[in-house]
Amino acid sequence: MSDQWREYQVVINTTGSAGSATGTADSDPIAGELLAVYIDYAGTAPGTTTVDLDEVGGAGRKLLDKAASATDVTHYPRVQMQDNTGANVAGVYERFALAGRKVRVSVAASNALSPAVTVTLLVRE
């Protein structure tokens, strides 16, 4: 991998009733290491809003499962490493590597907002 940094922004609009509105949007295809995820909630998003990030296709990995919140935050998701037998290595974590896959951002338990959440993915390509 090179040391080129890139941001991918995903804007999620939600539809439905207050407190139960949902929405989904996909990033562009990403090839690189996921370094950070910035979640920017709309000023009127309720504290019940959940945000999930999942790899589309491939292994379909869960990248982030953000509990209910409405406070802007940056997360640094990592995956636990394993040895050559498939056993988890205690305390050893690495960045997620994405091989040209999209990231699906799903928002739930929110209000109908446009946008409800904007997610920025920082990637080293």
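Owing to the predicted nature of the structure, the values given are computational and were not obtained by experimental measurement.
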Got a sec, which residues hit side-chain contact (heavy atoms from CB on, under 4.5 Å) with [X], two or more places apart in sequence or on another chain?
| X | value |
| --- | --- |
| Pro46 | Thr48, Thr49, Ser110, Asn111 |
| Ala25 | Val10, Ile12 |
| Thr22 | Ala108 |
| Gln82 | Asn88 |

The criterion is side-chain hydrogen bond (donor to acceptor under 3.5 Å, both in side chains); which residues satisfy it with [X], sequence neighbours excluded?
| X | value |
| --- | --- |
| Lys66 | His75 |
| Thr85 | Asp83 |
| Tyr41 | none |

Inset, instruction - Sorted by first residue and then second, give each salt bridge (Lys or Arg N to Asp or Glu O under 4.0 Å) pair with at least one member in residues 103-114; sequence neighbours left out. - result: Asp26-Arg104

Legend entry - salt bridge (Lys or Arg N to Asp or Glu O under 4.0 Å) pairs, two or more places apart, involving residues 87-96: Glu33-Arg95

Legend entry - Check: Arg6/Tyr8 side-chain N/O donor and acceptor closer than 3.5 Å: yes

Which donor-acceptor pairs under 3.5 Å do side chains of residues 51-64 form with protein atoms, sequence neighbours excluded?
from  : atom 1 : to    : atom 2 : distance (Å)
Asp54 : OD1    : Lys62 : NZ     : 2.9
Asp54 : OD2    : Lys62 : NZ     : 3.4
Glu55 : OE1    : Gly60 : N      : 3.2
Glu55 : OE1    : Arg61 : N      : 3.1
Glu55 : OE1    : Arg61 : NE     : 2.9
Glu55 : OE2    : Arg61 : NH2    : 3.1
Arg61 : NH2    : Ala97 : O      : 2.7

Legend entry - Residues clustered with Tyr38, ILVMFWY side-chain links under 4.5 angstrom: none

Inset, instruction - Give the other cluster members for Val89, using side-chain heavy-atom distances under 4.5 Å between Ile, Leu, Val, Met, Phe, Trp and Tyr residues; answer none if it is isolated. - result: Met81, Val92

